[in-house]
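Report on the following structure.
Protein chains get the first letters and strands the later ones, always in sequence-line order, with residue 1 at the start of each. Both backbone and side-chain heavy atoms feed into the values below; hydrogens, waters and symmetry mates do not.
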Number of protein chains: 2
Amino acid sequence: MITIKDVAKYAGVAPSTVSYALSGKRAISEKVRRRIERAVSELGYVPNAQAHNLRLGLSRTIAMVHPPNEIMLEGTSIDFITAAAEALEASHTLSLMPYSKTADKLLEAFQQRRIDGLILMHIARHDERIEALKASNYPFVLIGRTEYTEGLNLVDFDFEEAAYLAIKHLVELGHRRIGYLDLASHERAEGLGYAFYMQQGFERAQAEFGIQLIRQEAGRRNTDSYKATQTLIGQEKKLTAIVALLGATYLGILRALHDAKKHVPQDCSLVCLGSAAAARWTIPSITTLDNQLSDLGKIAAELLLERLAGNLEAKQVLLPAQLVRRESTAAPSS
Amino acid sequence: MITIKDVAKYAGVAPSTVSYALSGKRAISEKVRRRIERAVSELGYVPNAQAHNLRLGLSRTIAMVHPPNEIMLEGTSIDFITAAAEALEASHTLSLMPYSKTADKLLEAFQQRRIDGLILMHIARHDERIEALKASNYPFVLIGRTEYTEGLNLVDFDFEEAAYLAIKHLVELGHRRIGYLDLASHERAEGLGYAFYMQQGFERAQAEFGIQLIRQEAGRRNTDSYKATQTLIGQEKKLTAIVALLGATYLGILRALHDAKKHVPQDCSLVCLGSAAAARWTIPSITTLDNQLSDLGKIAAELLLERLAGNLEAKQVLLPAQLVRRESTAAPSS
DNA sequence: TTGTACGCGTTATCAG
DNA sequence: CTGATAACGCGTACAA
């Protein structure tokens with residue numbers, strides 16, 4: 001292993017001179033610089049990043065805490081993570097940390113100087129991890145929201161608006177009996193932010209449009225949405241539309257409607273969360289509230305970089321919900 | 001920041017004694033051990049991982065090189081990466097590296113001592129990166145295969161068998177005019193392993209069953225498979241089945257068949273690559289060659305850990321293709 | 001059973 | 001413009 005000392009010896013200078021020549025942090029005579037450059041290339045010297053970071057007290061690493069697959073919203077694409085990695089490129093590397101409910105592992109990673117910052121997702125309204133991190137003053141960014149967000153850096157999708165827009169769209173088409181899929185109660189108990197805001201949006205819509213939505217518990221997978229849809233249409237014969245905003249589980253819903261001989265949108269309209277990449281191609285194609293998951297990753301990374309650069313102002317980005325109308329919604333047949 | 005010296009001073013011992021007490025690498029008297037433990041907890045000492053690693057000459061990090069999203073097979077789920085991260089847990093952290101065609105960035109990461117090992121994917125048959133890594137002797141594992149695999153650690157899905165089984169299944173049902181979607185020629189030029197092995201499988205099936213398959217270029221996205229399917233059924237009126245093994249692009253295919261008023265499987269059978277999580281729920285559900293992407297990530301990580309533990313024997317794991325019959329395949333109507 | 005001294009590779013500081 | 005020295009925090013051979 002070639003070290004800076006080897007280069008210094010070879011070039012007949014002091015190690016510190018080599019360091020300065022390479023970093024450009026102070027002026028070096030042309031003659032010496034050339035000798036050093038030759039030494040570097042002839043010996044094949046590559047600076048040791050660990051020693052460098054130790055000296056600087058940094059790790060140039062930021063970690064993303066990924067929930068276990070069972071609780072990820074189905075269909076979450078890999079570009080959610082790679083978008084974050086690419087946004088950091090050059091300046092930091094992105095590492096993955098397994099999820100844990102408590103903050104101890106997270107704090108430890110900071111204390112061990114293994115990470116300079118953290119991106120958290122799957123945020124609960126009262127999140128123990130975040131209380132602890134706030135107290136510690138380490139840099140972190142949320143993908144999601146807690147109840148009290150003052151002073152927090154975060155980016156989130158506007159689930160409240162998404163839920164509201166979904167109902168508004170259906171009401172404007174003439175629907176009155178609308179069902180929606182919600183998290184299972186044991187999951188709701190976790191107080192996940194997106195479930196909460198979605199609920200808020202539904203309530204706003206109920207009040208504004210004077211209707212009563214029908215709630216049905218489900219889960220995050222197609223198999224859950226399939227069963228939940230069966231239950232829903234079994235119990236509510238007059239239902240004319242379904243909204244499902246938790247994960248891209250429309251295949252299960254479409255299948256359940258199909259198996260029950262209900263045509264979409266003639267017998268039942270459908271609005272889902274989803275991205276154009278998939279929702280455009282189903283039969284029928286699905287009216288969605290588009291979620292740009294990769295944008296969440298990218299923006300989270302950018303917010304964190306700003307924070308690490310010393311900008312202490314808390315920024316909160318709410319990605320707007322946008323309804324894209326496709327074939328799955330129409331006026332209810334009378 | 002609390003260092004080992006602070007602890008030593010506080011406990012009234014030498015730093016090395018603290019180090020030994022914590023690592024257990026030599027016997028410590030009960031009395032001193034207790035003093036040290038108290039000091040550690042009272043001061044809140046956490047060892048600095050960077051200094052530790054610098055001393056040991058390790059990074060305890062392994063990197064996964066992810067291709068840009070444009071060339072990832074569509075529908076690649078996030079658990080492909082998280083499965084790898086979890087397989088490493090505790091002993092190493094997983095970091096992500098952006099893709100580059102040449103090996104220089106990869107070698108540099110090793111030389112900078114930022115990584116102890118590497119997981120590569122999106123492997124070409126003649127892959128410049130791999131030649132360079134082989135020569136360098138750094139530990140790495142492939143998800144995929146090159147032409148010459150001696151001495152390489154790798155895990156791959158058996159695309160050859162998958163292609164063969166797809167055709168075999170269709171032939172046994174009575175199909176003779178079968179089309180398949182392939183990569184676009186400019187992508188084939190890259191010589192990706194999976195495209196090659198798939199081709200091999202098709203050729204074996206052609207020879208064995210005495211038929212001529214109809215090739216159609218496509219891409220990795222639903223929008224590509226949609227167009228390709230249109231072209232294919234436009235040109236080959238007698239076609240009775242389609243096979244598509246590159247990415248989970250069945251939605252585009254189903255939609256193209258639907259738009260052309262072809263019923264699946266009555267007018268055209270369909271076999272795809274896919275996972276039960278999605279293929280079960282389409283209408284009709286799709287006969288697939290199941291790919292366990294998360295297994296690929298997990299196994300790659302495990303192979304690398306073995307290699308890092310000193311096991312130099314090259315292991316090559318080929319995940320078997322398994323055909324799961326669903327609603328999209330049936331005998332051709334005469 | 002414990003302490004001393006040195007090295008890992010880098011960079012900031014101070015002196016020249 | 002350049003060099004010597006100390007320090008970042010830790011692990012371990014050697015000495016006691």
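- In terms of position along DNA chain D, the nucleotide closest to B/Ala51 lies nearer the 5' end than the nucleotide closest to the other residue of the pair B/Tyr20 and B/Ala51.
- A donor-acceptor contact closer than 3.5 angstrom is absent between the side chains of B/Asn53 and B/Ser59.
- Between the A/Arg307 side chain and the A/Phe140 main chain, no donor and acceptor come within less than 3.5 Å of each other.
- To the nearest angstrom, C1' of D/dG9 lies 11 Å from CZ of A/Arg113.
- When the side-chain nitrogen and oxygen atoms of B/Thr3 are compared with OP1 and OP2 of D/dG9, none of them lie within a distance under 4.0 Å.
- The number of heavy atoms from other shown groups lying within 6.0 Å of NZ (A/Lys134) is above 12.
- The residue B/Ser29 sits close only to the backbone: its heavy atoms come under 4.0 Å of sugar-phosphate atoms, none of a base.
- Contact annotation: the side chain of B/Arg145 approaches that of B/Leu318 to within less than 4.5 Å [non-hydrogen atoms, C-beta and beyond].
- Not a single donor-acceptor pair under 3.5 Å links the side chain of A/Arg114 to the backbone N or O of A/Ala109.
- Protein atom CD of B/Gln50 is 12 Å distant from nucleotide atom C1' of D/dC10, rounded to whole Å.
- Residue contacts for A/Pro47: at a heavy-atom cut-off of 4.0 Å it reaches the sugar-phosphate backbone alone, with no base atom in range.
- Side-chain contact between B/Leu118 and B/Phe110 is present, with at least one heavy-atom pair separated by less than 4.5 Å.
- Between the CG atom of A/Leu58 and the C1' atom of D/dG9 there is a distance of 15 Å, rounded to whole Å.
- Computed from coordinates, the B/Lys9 NZ to D/dG9 P distance equals 12 Å when rounded to whole Å.
- OP1 and OP2 of D/dT5 both lie 4.0 Å or more from every side-chain N or O belonging to A/Ser16.
- Along DNA chain C, the nucleotide nearest to A/Leu54 and the one nearest to B/Arg35 differ in position, and the one closer to the 5' end is contacted by B/Arg35.
- For B/Asn53 and D/dC8, the CG to P distance is 19 Å, given to the nearest whole Å.
- For the OP1/OP2 pair of D/dG11 and a distance below 4.0 Å, the side-chain nitrogens and oxygens of B/His52 include at least one atom meeting the criterion.
- Where DNA chain C meets chain A (any atom under 4.0 Å from a heavy atom), the bounding nucleotides read 5' to 3' are C/dC8 to C/dC14.
- Checking side-chain atoms of A/Gln50 against main-chain N and O of B/His52 turns up no donor-acceptor pair under 3.5 Å.
- B/Lys5 places its NZ atom 13 Å from the P atom of D/dA6, with the value rounded to the nearest Å.
- OP1 or OP2 of D/dC10 lies within a sub-4.0 Å distance of a side-chain N or O belonging to B/Tyr45.
- The separation between B/Arg55 atom CZ and D/dC8 atom P is 17 Å, rounded to whole Å.
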